[in-house]
Amino acid sequence: MAILPGSTLGMLGGGQLGRMFVSAARAMGYDVIVLDPDSNSPAGGMASEHLAKAYDDRQALDYLAAHCAVVTTEFENIPAQTLAYLAQTVPVHPSAAALQVAQNRKLEKEFFRSLGLHTADFVAIEQAQDLEQARDFTFPAILKTNTLGYDGKGQVLCQQFADLTAAFDELGCKPCLLEQRIELACEVSVVLCRSQQGEVTCFPLAQNTHANGILDVSLAPARVSAELAAEATAAAGAIADGLDYCGVLAIEFFITGDARLLINEMAPRPHNSGHYTLDACDSSQFEQQLRMICGLPAGSCRQHTPVAMLNLLGDIWPEGARPPWDELLGHEQAKLHLYGKTEARPGRKMGHVNCLGDSNEEALALLEKLRGILQKN
């Protein structure tokens with residue numbers, strides 16, 4: 001039975017993804033209770049109610065279960081046992097099992113390969129004694145912690161085998177994955193939604209560029225062949241089916257110089273590279289997340305306007321002042337989204353701007369113009 005407007009939804013996590021979900025839910029007539037330990041969380045300030053408690057606080061979890069028709073998450077590092085506990089008394093999407101796979105790079109890569117999908121070559125480094133088995137591995141390679149790595153964190157580039165011991169020490173001798181570094185033609189991502197009945201719909205691929213390990217620009221539609229786009233969409237659907245997933249799921253891919261498609265990683269939630277859907281598609285990824293967890297039909301994923309999304313990091317904030325929003329918003333095709341964070345720090349995601357155009361080239365030209373405005377401060 002569908003969960004209809006007027007119901008209360010639960011959100012684990014109070015960051016910007018949770019904030020945009022809350023905004024979509026409130027616009028459609030739902031109440032949302034956010035659980036996040038940060039009393040100043042971006043989503044908490046917009047929610048119907050904010051529980052500033054730890055994610056394993058049983059009293060807070062019991063309150064969520066008693067008051068919410070369904071519970072979802074905004075990032076993958078919520079403890080899986082929290083989802084399992086809630087699922088005893090209230091529907092939870094995504095599932096604890098899906099989260100456990102996404103939280104561990106080794107489990108994730110092995111899962112992809114179990115589906116017959118392709119990844120970069122890798123070898124598991126669980127402890128110092130395992131380093132020797134990488135002696136014949138193809139370098140350069142990237143050593144990545146199995147857990148808690150994101151936006152370039154928890155990663156060290158190794159040009160040769162001799163660099164590996166120092167890299168392992170730098171990462172705290174935690175279980176890691178050594179992954180071959182790929183010469184890329186580009187990176188792309190698929191954001192899909194999957195219903196409880198297994199129906200899958202996908203947004204058009206986004207083409208992504210990163211700076212210092214953090215997403216900088218997403219261009220949609222991606223400049224890739226129809227064949228590669230179809231292959232990526234099919235692979236994303238296979239992953240969602242393999243997880244028996246419900247909700248919004250993002251899959252990141254590498255495209256090699258010889259046009260091979262390799263899966264990088266997945267995010268069991270809306271994704272930074274899907275923010276373009278807020279202004280360039282019939283439905284946003286956040287509306288789709290709501291529709292999927294509430295048992296509603298999917299909205300249209302049709303993209304109606306070419307778009308280039310620019311991530312806005314705390315680096316552009318002048319000391320004691322704000323960036324020149326008036327000048328930026330003087331461009332009618334610039335759609336600004338700020339996340340309500342109280343403190344700007346270098347590398348911290350503070351917002352994004354979607355640059356619309358009649359073509360990818362127009363959208364990118366506007367993006368570069370706006371980047372120049374923001375960087376002159």
Side-chain angles (χ1 to χ4, degrees), residues 1-34 42-48 68-76 91-94 189-206 218 220-221 233 236-237 240 245-251 266-307 309 335-340 351-354 356:
M1 181 179 297
I3 298 168
L4 299 176
S7 303
T8 299
L9 315 177
M11 168 58 70
L12 298 171
Q16 64 266 18
L17 298 175
R19 179 186 177 92
M20 287 180 271
F21 173 85
V22 171
S23 179
R26 297 299 295 272
M28 293 176 65
Y30 293 87
D31 287 320
V32 184
I33 301 175
V34 166
M46 294 188 71
S48 313
C68 297
V70 63
V71 176
T72 188
T73 66
E74 70 124 20
F75 72 116
E76 57 268 39
V92 178
H93 306 296
S189 56
V190 174
V191 175
L192 65 79
C193 54
R194 186 177 187 273
S195 71
Q196 297 172 42
Q197 292 73 39
E199 298 163 335
V200 174
T201 53
C202 296
F203 290 102
L205 269 67
S218 289
T233 299
Y245 195 83
C246 176
V248 168
L249 177 70
I251 311 293
M266 67 179 177
R269 53 172 170 77
H271 193 255
N272 203 168
S273 68
H275 289 343
Y276 80 87
T277 64
L278 284 161
D279 299 299
C281 295
D282 290 344
S283 308
S284 76
Q285 61 174 342
F286 302 101
E287 179 185 339
Q288 297 287 48
Q289 182 184 17
L290 183 147
R291 284 174 170 272
M292 294 301 96
I293 68 170
C294 289
L296 299 170
S300 167
C301 288
R302 183 184 72 94
Q303 182 178 355
H304 52 71
T305 307
V307 59
M309 187 280 298
K335 306 296 183 181
L336 178 64
H337 300 264
L338 295 178
Y339 301 155
H352 69 271
V353 58
N354 284 330
L356 307 179

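The figures that follow rest on heavy atoms only: side chains count, while hydrogens, waters and symmetry mates do not.
- A donor-acceptor pair is defined here as one N or O able to donate and one able to accept, closer than 3.5 Å; no such pair exists between the side chain of Gln289 and the backbone of Phe21.
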Which atom pairs, one a donor and one an acceptor, fall under 3.5 Å between side chains of residues 3-18 and the rest of the protein, sequence neighbours left out?
from  : atom 1 : to     : atom 2 : distance (Å)
Ser7  : OG     : Leu4   : O      : 2.8
Gln16 : OE1    : Lys341 : NZ     : 2.8

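- A donor-acceptor pair under 3.5 Å is formed between the side chain of Ser195 and the backbone N or O of Glu199.
- Side-chain contact between Arg291 and Cys193 is absent, with no heavy atoms from C-beta onward closer than 4.5 Å.
- Between the NE2 atom in His271 and the OH atom in Tyr276 there is a gap of 12.5 Å [rounded to 0.5 Å].
- When the salt bridge (charged side-chain N to carboxylate O under 4.0 Å, His left out) test is applied to Arg269, the partners found at least two apart in sequence or on another chain are Glu76.
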Using distance only, find each side-chain donor-acceptor pair of residues 293-302 under 3.5 Å and give its atom names and separation, not counting sequence neighbours.
from   : atom 1 : to     : atom 2 : distance (Å)
Ser300 : OG     : Asp282 : OD2    : 2.9
Ser300 : OG     : Arg302 : N      : 3.1
Arg302 : NE     : Asp282 : OD2    : 3.0
Arg302 : NH2    : Asp282 : OD1    : 3.1

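- The two residues Ser273 and Ala206 make their nearest non-hydrogen contact at O-CB, 3.8 Å.
- Note that CE of Met266 and CD1 of Ile251 are 6.5 Å apart. Values are rounded to the nearest 0.5 Å.
- Considering every non-hydrogen atom in both Phe203 and Cys281, the closest pair reads CD2-SG, 4.0 Å.
- Closest non-hydrogen pair, Leu249 versus Ala267, comes out as CD1-O, 3.5 Å.
- Nearest heavy-atom pair across His352 and Met20 is CE1-SD, 4.1 Å.
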